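So you know, we letter chains A, B, ... as the sequences are listed, proteins then strands, and number each from 1. In this text, all values refer to a predicted model and were calculated from it rather than measured experimentally. These numbers come from the heavy atoms of this one structure, side chains and all, not from hydrogens, waters or symmetry mates.
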Amino acid sequence: MADAVGASVGEVTRVDDLGEIERASSPRWVWWRTAEIYPALLEAGVRVQRCHDLAAVQSLLRTYEGEPFVPPQSALSEPAGSGAVQISLFTDDEAASKPSRRLGAGPDGDPAMYGTYFGLAELRRHYAEQLAHIARVRKAHPGFGLLVAAESAAGLAAVEMGRAGLPWSTEIHDRVLTDLLGPRPQHHGRPRKLQVLAEEVSALLAPEKTGPALQVNPDSPADVLKAFKRQGVTLTSTRAWELKEVEHPAVAPLLRYKELARLHVAHGWGWQDQWVRQGRFHAEYVPGGVVTGRWATSGGGALQIPKVMRACVVADPGYVLVAADAGQLEPRILAALSADRGMIAATADADMYTALARQALGRPEARNEAKIGLLAAMYGARANTPAMVALKRRFPQALDLLERAARTGENGGIVRSVLGRTCPPPEPTWQEVPPEQALARSRARGRFTRNFVIQASAADWANALVAGLRRRLIALSDRAELVFFQHDEVLVHAPAMLAEAVVAAIADSGAEATALVLGDRGVRIPLAAAPITSYADKN
DNA sequence: GGGGACAGCCAC
DNA sequence: AAACGTGGCTGTCCCC
């Protein structure tokens, strides 16, 4: 992060010039929104090493100061009535000094360029203000500069990932869908196997009437509830876990229907038509789109690909996918944040939950109890299981950190991630309700802040991972591409001969993220990377 | 016919 | 076993 606005500010103008400057000195480009400017640069063959995304940083600074969360896409509103279309960006690097030029609007301007419509002076003013603001914040939260840099790097990675796309075999996808659902329907309507299940459910729930039309629509919870009621079965919902407890012949086909219908509507042929082009699933990623700093997506549902569909993600011939995820990231983050010596010791174990079970319960085979107990503590479960009590006794500092975060939230306070990402405050009127509702709101707010410190700090770590990995992959080869990132896991698509180098790049990036974000606290975050051909082969 | 609330399930 | 955090997405249902 530069500490001053470079003297060499210049409007750039033709993409070729920008590319030349980038190759010569890789400055930190300053612009309004990466998502608006960077796709056109990539289209023109210019890959940028570093940037400062004013909108993303504005979002971080706003919440830091106690303002409501504003997703980064809209953190900087555009001035009204602005006329000419121009791209404003500049570099803060003196070495990049060039005569003032203008990008996009000239007679020989690149028609592919479009963007945000601010003047350069306003851009410079915002940047200078942000730098001064960041410098102030860093006095209290030294990690904030890293947060800002990683957030901007994440923005670059997100655009590149969306452009590269996730290798997606439509052939395998078709096969999976056909196996599960039957052939693709000609027009609308349900695929054959889905229709058969729907009719079976209907016949079993409304046996008194028969005919081509369904008496019970399995997609309608109200319909299903009424039908079960007629059968003498009273349900409070049609959730899968509740249905599983009911003994009725319609339950099994209904559960199967729900499972398959979900795949059909959310990841079926329609989804493929919309999102997969030429063997690549192109999603739109939104770094910082979640209040905790996790990434979101807008369209395509890239962060919710069902596990059965992972078989569709396959490397090109001669390529591999290098997959890695940080196992048990959140409990490891908790160990680091709380500096609980016993819990830090447990992070040495590849399976942290077994270590916790051994230390707190004296029984390594109680792994699952320990896991559920700790997750429940991090999410704020009401029930206090014996495992939770044992964890509290054995790891008091760790559990106390969670309790304090919860108390802060219940009292209307704010909490921050390890790097300084800040949760938004409650609505000013949040307690202006009847007392029992006020208590419920207070508890809910406590669960939010309790989880925020963990989830947001895990997101800090993950963004640092992505930033470091991106840097290393750029140095390695244009053909080694980050193609997927999901909270704590990455997929790199690379020529097979680069597999080892990519594995090393991922391992190095993980170690770097741990050192940068968590410092020297002795916490281990394993990030085992392995080359695979199909995403289904992971783990 | 479009918007919004709600239900339900997918991911972490 | 079933209630405990962050989301996206799609269906139904009801309203305008």
**Message:** Whole angstroms only, please: what is the CD-P distance between A/Glu242 and B/dC9?
**Reply:** 10 Å
**Message:** Heavy atoms only, 4.0 Å cut-off, all strands: where does A/Glu284 land among base, sugar-phosphate and nothing?
**Reply:** nothing
**Message:** Are A/Tyr64 and A/Phe144, when compared by the centres of their aromatic rings, separated by less than 6.0 Å?
**Reply:** yes
**Message:** Does A/Arg443 reach a base, just sugar-phosphate, or nothing at all? Heavy atoms under 4.0 Å.
**Reply:** nothing
**Request:** Using the closest heavy atom to pick a nucleotide of DNA chain C for each, name whichever of A/Ile372 or A/Glu330 lands nearer the 5' end.
**Result:** A/Ile372
**Request:** Remember a base hit wins even if backbone is also touched, and classify A/Ala383 as base, sugar-phosphate or nothing at under 4.0 Å, heavy atoms.
**Result:** nothing
**Request:** Take the C1' atoms of the five end pairs on each side of the helix from B/dG1-C/dC16 to B/dC12-C/dG5, get both axes, and report the angle to 10 degrees.
**Result:** 0°
**Message:** Does A/Ile454 reach a base, just sugar-phosphate, or nothing at all? Heavy atoms under 4.0 Å.
**Reply:** nothing
**Message:** Looking at the base of B/dC9, is there any donor atom on it, or on the side chain of A/Arg239, that sits under 3.5 Å from an acceptor on the other one?
**Reply:** no
**Prompt:** Going by heavy atoms in the side chains, are A/Leu465 and A/Thr514 under 4.5 Å from each other?
**Reply:** no
**Item:** Whole-Å distance separating the CH2 atom of A/Trp241 from the C1' atom of B/dA7
**Value:** 14 Å
**Fill in**
When A/Glu199, A/Lys193, A/Arg192 are each screened for side-chain hydrogen bond (donor to acceptor under 3.5 Å, both in side chains) with A/Gln195, the one that passes is A/Glu199
**Asked** Any side-chain N or O of A/Lys258 less than 4.0 Å from the OP1 or OP2 oxygen of B/dC9?
**Response** yes
**Asked** Is there a residue in residues 415-427 of chain A whose heavy atoms reach under 4.0 Å of DNA chain B, and which residues are they?
**Response** none
**Request:** Consider only side-chain N and O atoms of A/Tyr257 and A/Arg262, and report whether a donor and an acceptor are under 3.5 Å apart.
**Result:** no
**Item:** Euclidean distance, atom CG of residue A/Leu260 to atom C1' of B/dC10 [Å, nearest integer]
**Value:** 14 Å
**Request:** Could you state the atom-to-atom distance from OH of A/Tyr285 to P of B/dC12 in whole Å?
**Result:** 13 Å
**Asked** Which letter, B, S or -, goes with each nucleotide of nucleotides 7-16 of chain C from 5' to 3', with contact meaning a protein heavy atom under 4.0 Å?
**Response** BBBSSSS---
**Message:** Distance check needed: C/dG5 P versus A/His487 NE2, whole Å only.
**Reply:** 16 Å
**Message:** If I take atom CZ in residue A/Arg447 and atom P in nucleotide C/dA3, what distance separates them, rounded to the nearest angstrom?
**Reply:** 12 Å
**Request:** Return the minimal non-hydrogen interatomic distance between A/Val216 and A/Ala206, and the atom names on each side.
**Result:** CG2-CB, 4.2 Å
**Request:** Assert yes or no for the condition that the ring centre distance of A/His493 to A/Phe484 is strictly below 6.0 Å.
**Result:** no
**Asked** Rounded to the nearest Å, what distance is computed from the CD atom of residue A/Glu245 to the C1' atom of nucleotide C/dA1?
**Response** 8 Å
**Item:** Shortest non-hydrogen separation from A/Gly413 to A/Arg445 and the atoms involved
**Value:** O-NH2, 3.1 Å
**Request:** Report yes or no: do A/Arg524 and A/Thr347 form a side-chain donor-acceptor pair below 3.5 Å?
**Result:** no
**Asked** So how far is it from A/Ile372 CD1 to A/Leu391 CG, rounded to the nearest 0.5 Å?
**Response** 11.5 Å
**Item:** Check: A/His173 ring centre within less than 6.0 Å of A/Trp271 ring centre
**Value:** yes
**Asked** With a 4.0 Å cut-off on heavy atoms, is A/Gln455 in touch with a base, just the backbone sugar-phosphate, or nothing at all?
**Response** base
**Asked** Between A/Leu399 and A/Lys392, which heavy-atom pair has the shortest distance, and what is it?
**Response** CG-CA, 3.8 Å
**Message:** Show the nearest heavy-atom pair for residues A/Leu491 and A/Ala323, with the distance to one decimal.
**Reply:** CD2-CB, 3.4 Å
**Asked** Rounded to whole angstroms, how far apart are CG on A/Leu491 and P on B/dC12?
**Response** 12 Å
